[in-house]
Amino acid sequence: MNSARTSFSDAIAAPRQALLQHGLYARLRTVEDMRLFMEHHIFAVWDFMSLLKALQGHLTCVQPPWIPTGNARTRRLVNEIVLGEESDITPDGRTVSHFELYLQAMEEAGANTGQALAFVERLGGSSDVESALAAIEVPDFVVAFVRHTFQVIHGGKPHEIASAFTYGREDLIPDMFGELVAQLQRDFPGRFDTFRYYLDRHIELDGDEHGELGREMVELLCDGSATRQNEARAAAVAALEARLSLWDGIAAQIATHGG
């Protein structure tokens, strides 16, 4: 491991470990607990896509007239990740984004998709993110998580966006979702098949492909600059801390509802 990656690993070690050992997983004891988790987590799935598309917008040309933009290697890295996240293939050969796949998993599980669908509908009608969240009355901890993501997006620094995406999401997901898959297999056999496929797909892509692509992308965008590396590390830690707050909020909601 090179020195830049070692410094990232050291910086994120504590919040990353806190997420992997979070008490939320132990609270997911019933089908209702899992449904409640999914109804809140769907917003993290959605803003994950927003973070990725913001990064693509910085690193590639997405509006006509086309011109070659930035570094060809970073263009390829981000476009490969977008392909897998926005246009993946289901077991029966259909094409679907991971957000849409998650909605299908929620429907199969009997979770309420109403808030998430109303949110997306409002965004399609030109509502801004904050107004759309307020209109559907999601909990404050969900609003805070999405707000943090968009603060990173609106900050407009590609190396910070890439770091939050890579170390706050892609690098974390295989280990974090591995715990959920183990629980689904143990406690709910056959009840959450689409959700399990979604989780397994993320473990496969993020563990084998996207995580490494993201780490390379962060290195290229920092380009050896100590200032950029420090900013990227801070963005990674802040993203993990935002996820911790989200997990705290979901765990508290499950406890309140008797889970």
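- Side-chain contact between Leu199 and Phe192: absent, with no pair of heavy atoms (C-beta onward) separated by less than 4.5 Å.
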Residue pair Asp33, Arg27: steps toward the salt bridge (Lys or Arg N to Asp or Glu O under 4.0 Å) verdict = CA-CA 7 Å; Asp33 295 338; Arg27 288 198 175 276; over 6 Å; no
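- With hydrogens and angles disregarded, a donor-acceptor distance shorter than 3.5 Å links the side chain of Glu108 to the backbone of Asp193.
- Closest non-hydrogen pair, Ala44 versus Arg243, comes out as CB-NH1, 4.2 Å.
- Shown here are the side chain to side chain contact (heavy atoms under 4.5 Å, CB included) partners of Gln56, two or more places apart in sequence or in another chain: Lys53, Thr60, Val62, Val78, Asn79, Val82.
- Counting all heavy atoms, side chain and backbone alike, Ala239 lies closest to Gly168 at CB-CA, 3.9 Å.
- Within the 4.5 Å cutoff, the side chain of Tyr167 has no heavy atoms near those of the Arg233 side chain.
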Derivation of the side chain to side chain donor-acceptor pair (under 3.5 Å) call for Asn230 and Thr227 = CA-CA 5 Å; Asn230 287 336; Thr227 297; 5.8 Å; no
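- For the atom pair His148 NE2 and Leu51 CG, the distance stands at 9.5 Å (nearest 0.5 Å).
- Between Cys222 and Ala232, the closest heavy-atom pair is SG-CB, 3.9 Å.
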Please lay out, stage by stage, how Arg35 and Glu39 fare under the test salt bridge (Lys or Arg N to Asp or Glu O under 4.0 Å).
-> CA-CA 6 Å; Arg35 289 171 179 162; Glu39 289 164 9; over 6 Å; no
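- With contacts defined as side-chain heavy-atom distances shorter than 4.5 Å, the pair Tyr25/Trp247 qualifies.
- Between Met176 and His22 the shortest side-chain heavy-atom distance does not fall below 4.5 Å.
- Looking only at distances, a side-chain donor or acceptor of Arg228 sits under 3.5 Å from a matching main-chain atom of Leu221.
- Taking the six-membered ring where the residue is Trp, His41 and Phe37 present parallel rings, their angle staying beneath 30° rather than reaching 60°.
- When side chains are defined from C-beta on, Leu59 counts as touching Met217, because their heavy atoms get closer than 4.5 Å.
- Between atom CD of residue Gln253 and atom OG1 of residue Thr256 there is a gap of 6.0 Å, rounded to the nearest 0.5 Å.
- Proximity of Asp47 to Val129: side-chain heavy atoms (C-beta onward) are nowhere separated by under 4.5 Å.
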Could you check Tyr198 against His202 for ring-ring contact (aromatic ring centres under 6.0 Å, His included), going step by step and ending with a plain yes or no?
-> CA-CA 6 Å; Tyr198 166 87; His202 262 283; 4.8 Å; yes
For side chain to side chain donor-acceptor pair (under 3.5 Å), just list the numbers for Asp92 and Thr90, CA-CA rounded to whole Å, side-chain angles, deciding distance to a tenth of an Å, and then say yes or no.
-> CA-CA 5 Å; Asp92 59 1; Thr90 63; 2.4 Å; yes
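- For the pair Arg196 and Gln185, the minimum side-chain heavy-atom distance is below 4.5 Å.
- Between the side chain of Asp128 and the backbone N or O of Glu130, at least one donor-acceptor pair lies under 3.5 Å.
- Looking only at distances, a side-chain donor or acceptor of Arg16 sits under 3.5 Å from a matching main-chain atom of Asp171.
- At distances below 3.5 Å, not a single donor-acceptor pair connects side-chain atoms of Arg215 with backbone N or O atoms of Thr166.
- Closest non-hydrogen pair, Ile161 versus Ile153, comes out as CD1-O, 4.0 Å.
- Among all heavy-atom pairs drawn from Ser245 and Phe141, the shortest one is O-CB, 4.3 Å.
- Take Glu121 and apply the side chain to side chain contact (heavy atoms under 4.5 Å, CB included) test, not counting sequence neighbours, and it matches no residue.
- Under the 30°/60° scheme for interplanar angles, the aromatic rings of Trp46 and Phe119 are found to stand perpendicular.
- The CZ atom of Phe195 lies 4.5 Å from the CE atom of Met38; values are rounded to the nearest 0.5 Å.
- Summarising the geometry, atom CD belonging to Glu231 is positioned 5.0 Å from atom CD belonging to Glu160; distances are rounded to the nearest 0.5 Å.
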Please test Phe145 against His40 for ring-ring contact (aromatic ring centres under 6.0 Å, His included), starting from the C-alpha separation and ending with a verdict.
-> CA-CA 11 Å; Phe145 183 82; His40 296 317; over 10 Å; no
